[in-house]
Amino acid sequence: MAAERAIEMVRSDSREVKVEGASEIRRLTKTSSRNRRQLSGAIEPLVSMLAFDDYNCNESALLALLNLAVKDEKNKIQIVDSGALGPLIDFLHSNNSNLQEYATAAILTLSASATNKPTITAAGAIPLLVNILRDGSSQAKDDSVRALYNLSTHPNNLQIILSVQPIPPIISLLKTRKKSSKIAEKCSALLESLLNFDEARTTLTSIEGGVLTVVEVLEDGSLQSREHAVGALLTMCESDRHRYREAILREGAIPGLLELTVQGTPKSQTKARMLLQLLRESPYTRSEFQVDTLENIVSNIVSQIDGEERCGKAKKMLAEMVQGSMERSLRHLQQRALVCTPPDLPLTNCTSEVPLK
């Protein structure tokens, strides 16, 4: 009954009643997925409220639509199909920071739907999102980069994003956010995708502290952020080793790469080893790499690093890696001894130290 009453209110001819109804819908849908389904009939009248030249109507309708769209694919699609993008694009242009912020959050939520992505792109949202990433409020910047990441997964959208110079504001945002944050994950993921293009790589290296910021994510980010960061640096080095090798070494990437080879995700470990190979003075073929050791690769790199502090840190980590390698070899010998236990000894006393592969 509460849902039916709220729908009747947003269909009222009175703006005051509409605002009251929108506020009630926002309350009812805040925590209930069931209410989101039951209140889908309110979407069209709420979208019509976005076109009013009335801040209270705009704000209350935006917040209600946001809640209706969260974790509800059908509502996301219905909101776009009902014509919400036109007013939302206008709000992205708005000088009212609240409306701009709410509209950015709405675009973020709606862009989570694969069905909506081409429509949002066609409406011209991408350049406006990059503008907000550059000049918007702190919350709007966070939401805009997350929306851009959502849209980047649609074919051809990376080129559209790249055309409006997103790299400088992404790096600026990364510099001001904790490297272990969720926002850093989205920034790093978007960077990794964009760096497949030469224009993006050139821009990154031209920004003061650009490569260093990626290296800082490599060192201090979450597991996912670090995976994206090492992927970004690997993409650069694979595209033109002679052009980007020195820039990566100069920013002290080696310690973070060493740590990733043993503590990163499986993908991070593989990418870190591949990048360490490319950072050698003289790269060689994959077959030659397989018979070499990581310690030898790093020794070669460390000998070329400028800067006493960075070199010392890298050498310390190299020593720790060698020590760890020796300890693993000793454990392996101990395990082999256990496996070779004579059959007359009870196997229940042989405790395995290695997980099943």
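Within the 3.5 Å criterion, the main-chain N or O of V217 finds no donor-acceptor partner in the side chain of R226. Side-chain N or O atoms of S94 include none that pairs as donor or acceptor with a backbone N or O of D90 at under 3.5 Å. A donor-acceptor pair under 3.5 Å links the side-chain atoms of S111 to the main chain of L108, judged by distance alone. In this structure, the side chain of K117 engages the main chain of N150 through a donor-acceptor pair within 3.5 Å. A donor-acceptor contact shorter than 3.5 Å is absent between the side chain of E185 and the backbone of S225. Side-chain atoms of S239 come within 3.5 Å of backbone atoms of M236 as a donor-acceptor pair (strictly under, hydrogens ignored). Checked by atom type and distance alone, the side chain of Q78 pairs as donor or acceptor with a backbone atom of S40 at under 3.5 Å. Although no hydrogens or angles enter the test, the distance criterion places no donor-acceptor pair under 3.5 Å between the side chain of D220 and the main chain of K179. Side-chain atoms of Q100 never come within 3.5 Å of backbone atoms of F91 as a donor-acceptor pair (strictly under, hydrogens ignored).
Atoms CG and CD, from L39 and E4 in turn, are 10.0 Å apart once rounded to the nearest 0.5 Å. The distance from atom CG of N157 to atom CD1 of I161, rounded to the nearest 0.5 Å, is 6.0 Å. Here the CG-CG distance, from L276 to L257, works out to 5.0 Å after rounding to the nearest 0.5 Å. Atom CG of D198 sits about 5.0 Å away from atom CZ of R243, to the nearest 0.5 Å. For the atom pair OG (S60) and CG (N56), the distance works out to 7.0 Å, reported to the nearest 0.5 Å. Taking CG from L148 and CG from D143, the interatomic distance works out to 11.0 Å, rounded to the nearest 0.5 Å.
Under the 4.5 Å side-chain heavy-atom criterion for Ile, Leu, Val, Met, Phe, Trp and Tyr, I207 and L194 are members of the same hydrophobic cluster. In this structure, V164 is a member of the same hydrophobic cluster as L92, with clusters built from ILVMFWY side-chain heavy atoms closer than 4.5 Å. Note on I77: it does not cluster hydrophobically with V80, by side-chain heavy-atom contacts below 4.5 Å among ILVMFWY residues. At a threshold of 4.5 Å between side-chain heavy atoms, the hydrophobic network of Ile, Leu, Val, Met, Phe, Trp and Tyr places I160 and L190 in one connected group. Linking Ile, Leu, Val, Met, Phe, Trp and Tyr whenever their side-chain heavy atoms come within less than 4.5 Å leaves V17 and V47 in two separate clusters.
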task = Begin with the C-alpha distance, continue with both residues' side-chain angles, and end with the deciding distance and a verdict on side-chain contact (heavy atoms from CB on, under 4.5 Å) for M274 and E238.
result = CA-CA 9 Å; M274 291 173 67; E238 284 183 327; 3.5 Å; yes

inquiry  = Applying side-chain contact (heavy atoms from CB on, under 4.5 Å) to L233 and V215, what does each step give before you reach the verdict?
reply    = CA-CA 8 Å; L233 295 174; V215 170; 4.2 Å; yes

ask   = So L204 and V214, side-chain contact (heavy atoms from CB on, under 4.5 Å) or not? Walk me through it.
value = CA-CA 10 Å; L204 178 66; V214 179; 4.3 Å; yes

ask   = Hey, mind stepping through C187 and L191 against side-chain contact (heavy atoms from CB on, under 4.5 Å) and telling me if it holds?
value = CA-CA 6 Å; C187 287; L191 268 179; 5.6 Å; no

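Shown here for G231 and E192, the closest heavy-atom pair between the two residues is CA-OE2, 3.4 Å. Heavy atoms only, all atoms of each residue included: N96 and N98 are closest at OD1-N, 3.0 Å. Closest non-hydrogen pair, K141 versus G136, comes out as CE-O, 3.2 Å. Taking all atoms of both residues into account, the shortest heavy-atom contact from L88 to A106 is CD2-CB, 3.9 Å. The two residues T261 and A272 have their closest heavy-atom pair at CG2-CB, 3.8 Å. K76 and N116 make their closest contact through O-ND2, 3.2 Å (heavy atoms, listed as atom of the first residue, atom of the second, distance).
Within the structure, the salt bridge (Lys or Arg N to Asp or Glu O under 4.0 Å) test picks out the following pairs touching residues 29-52 (sequence neighbours left out): R37-D72.
No side-chain heavy atom of Q269 sits under 4.5 Å from any side-chain heavy atom of V262. Inter-residue side-chain proximity for C237 and Q277 is flagged as unmet; no heavy-atom pair is nearer than 4.5 Å. Taking 4.5 Å as the limit, every side-chain heavy atom of I25 sits out of range of all side-chain heavy atoms of N67. In this structure, L129 and V145 have side chains that are not in contact, with every pair of non-hydrogen atoms separated by 4.5 Å or more. Taking 4.5 Å as the limit, every side-chain heavy atom of N156 sits out of range of all side-chain heavy atoms of T121. In this structure the side chain of L50 reaches within 4.5 angstrom of the side chain of L65, judged on heavy atoms. Side-chain contact check for S268 versus L223: every heavy-atom pair is 4.5 Å or farther apart. Here the side chains of K71 and S33 are not in contact, with every heavy-atom distance at 4.5 Å or above.
No hydrogens or angles considered: a donor-acceptor pair under 3.5 Å links the side chains of R177 and S138.
K18 has no carboxylate O lying under 4.0 Å from a charged side-chain N of D54, or vice versa, which leaves the two without a salt bridge. Between K182 and D142, none of the side-chain N atoms (NZ, or NE/NH1/NH2) sits under 4.0 Å from a carboxylate O, so this pair counts as no salt bridge.
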Ignoring hydrogens and angles, write down the donor-acceptor pairs under 3.5 Å from the side chains of residues 5-13, residues two or more places apart or on other chains.
from : atom 1 : to  : atom 2 : distance (Å)
R11  : NH2    : G41 : O      : 3.4
S12  : OG     : S14 : N      : 3.0

Please list every donor-acceptor pair under 3.5 Å in which a side-chain atom of residues 165-175 meets a protein atom from a residue at least two apart or in another chain.
from : atom 1 : to   : atom 2 : distance (Å)
Q165 : NE2    : E199 : OE2    : 3.2
S172 : OG     : P168 : O      : 3.0
K175 : NZ     : E208 : O      : 2.8

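Surrounding OH of Y149 are at most 12 heavy atoms belonging to other residues, nucleotides or ligands under 6.0 Å away. Around the CZ atom of R26, the shell of radius 6.0 Å holds no more than 12 heavy atoms that belong to other residues, nucleotides or ligands. Summarising the local packing, CD of E16 is surrounded by 12 or fewer heavy atoms from other residues, nucleotides or ligands at distances under 6.0 Å.
A cation-pi arrangement is present between R15 and F52, with the terminal nitrogen or guanidinium carbon under 6.0 Å from the aromatic centre and inside a 45° cone about the axis.
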